[in-house]
Amino acid sequence: MLTQQQVSDWERDGFLVLPDLIDPARCDELIKRSEELVDAFDPASHRSIFRTEQQERVSDGTFLASGSRIEFFWENDAFDDNDDFIVEPAKAINKFGHAQHDLDPVFSAFSRQDPLPELVADLGMADPKLLQSMLIFKQPKIGGEVGSHQDATFLYTDPITVIGLWFALEDATINNGCLFAQPGGHRGPLRERFRRADEGGTEFVALDSTALPQLGEPDLVPLEVTKGTCVVLHGLLPHGSHPNTSEASRLAYSLHLIDGAASYPDDNWLQRPEMPLAGF
Ligand code: FE2
C-alpha cells in the first residue's frame, strides 16, 4: 500500500505520517469502547497502587503483569495533597494497557483492520507479532508529559525490530500534546534498555552515552495530525510529547509490533508466559 516515495521517506526519517488511514467512525468506536472499559473499572481498588511518580514503571506486580492484561494507570496530577481526586475518576486515567489488542474484541478488530497487515509488510516485517497496546488519554489540563525515548528501550529484540503504530483518535496539535520526533534519529544507537532486574523489580541499563534529544530542543519536531491519522514510528526513533495544558483531550491508540524471527529476551519487562504472541 505504500508508495516508493513513502518507503524512502520511512528509511530517511524513521517515521511516516499517514493521514486518513483510519475511518473516523472506527476511531469513535474505539473511544466508545474505551469509555466502557473505564466505566467498568473500579478506581478504589487500584488507587493506592498507582499513586506514585513514574507509576507505569514502578516495580510493581500489577505493572509487570500488565503485558497480558488490561490495567489502568493514573495521571500524576489527578490527585491533591490528600490523595483525593481533583477531577472525576474517569478523567484521571492516563492510559490503559497492555494487551487489549488480544483480550478485547473491539480492540482486536481495530488492531487487525485493513490495511495494517499490508502496511507492516511494506515496511519489511516478515512475521509481525502484535506485542503491546496502549490507549492513551492525554486528558485535558492534566495529561502528563511523555519524555523523549526510543521504543526499543522498552520493547527490545535482537535484532531490534519494534515498530509503533500510533493512531490519532482525535486531532493532535501542539496545544493538546501532539507527538514530537527527531527526523533521521532512528539511525542513532539504542541508548538504554529497560529490563527486569536480577534482584526483582526493573532497571534501566545504559548501552550508549550518545545524548538523546530532549523535548523543547529543536531536533524534535512536532507531528500535528488529524483524527484517523496513523503515525508509524521506528523503534530507534527518539520521540515524546509535552503535557496537555489545553481544554481538549488528545486520545490516541498505540500498537507495537515485533518480528517473530527476532529473539525476545526473557528479561524484557513485558512477558506473556500464559498467552503466546499472535499476528494479524
Ligand atoms: Fe514511544
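Note that the numbering runs from 1 along the sequence shown for the chain. Every number for a ligand or one of its atoms is a count from 1 in the order of the listing.
- Of all protein N/O/S atoms, those under 2.8 Å from the Fe ion (ligand 1) are H149 NE2, D151 OD1, H239 NE2, and waters are not counted.
- Of the possible donor and acceptor atoms, none in the side chain of T229 sits under 3.5 Å from a partner among the backbone N and O of A168.
- A 6.0 Å sphere centred on CD of E247 holds no more than 12 heavy atoms belonging to other residues, nucleotides or ligands.
- Under the 4.5 Å side-chain contact rule for hydrophobic residues, Y253 and F41 share a cluster.
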Item checked: Test log, rule salt bridge (charged side-chain N to carboxylate O under 4.0 Å, His left out), inputs E36 and R33 -> CA-CA 5 Å; E36 288 168 3; R33 182 61 187 147; 2.8 Å; yes
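- Between H234 and W10, the ring planes are tilted. Angles from 30° to 60° get that label.
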Note to self: Between H98 and F73, is the ring pair (Phe, Tyr, Trp, His ring centres under 6.0 Å) condition met? List the steps.
What the structure shows: CA-CA 11 Å; H98 292 95; F73 301 88; 5.7 Å; yes
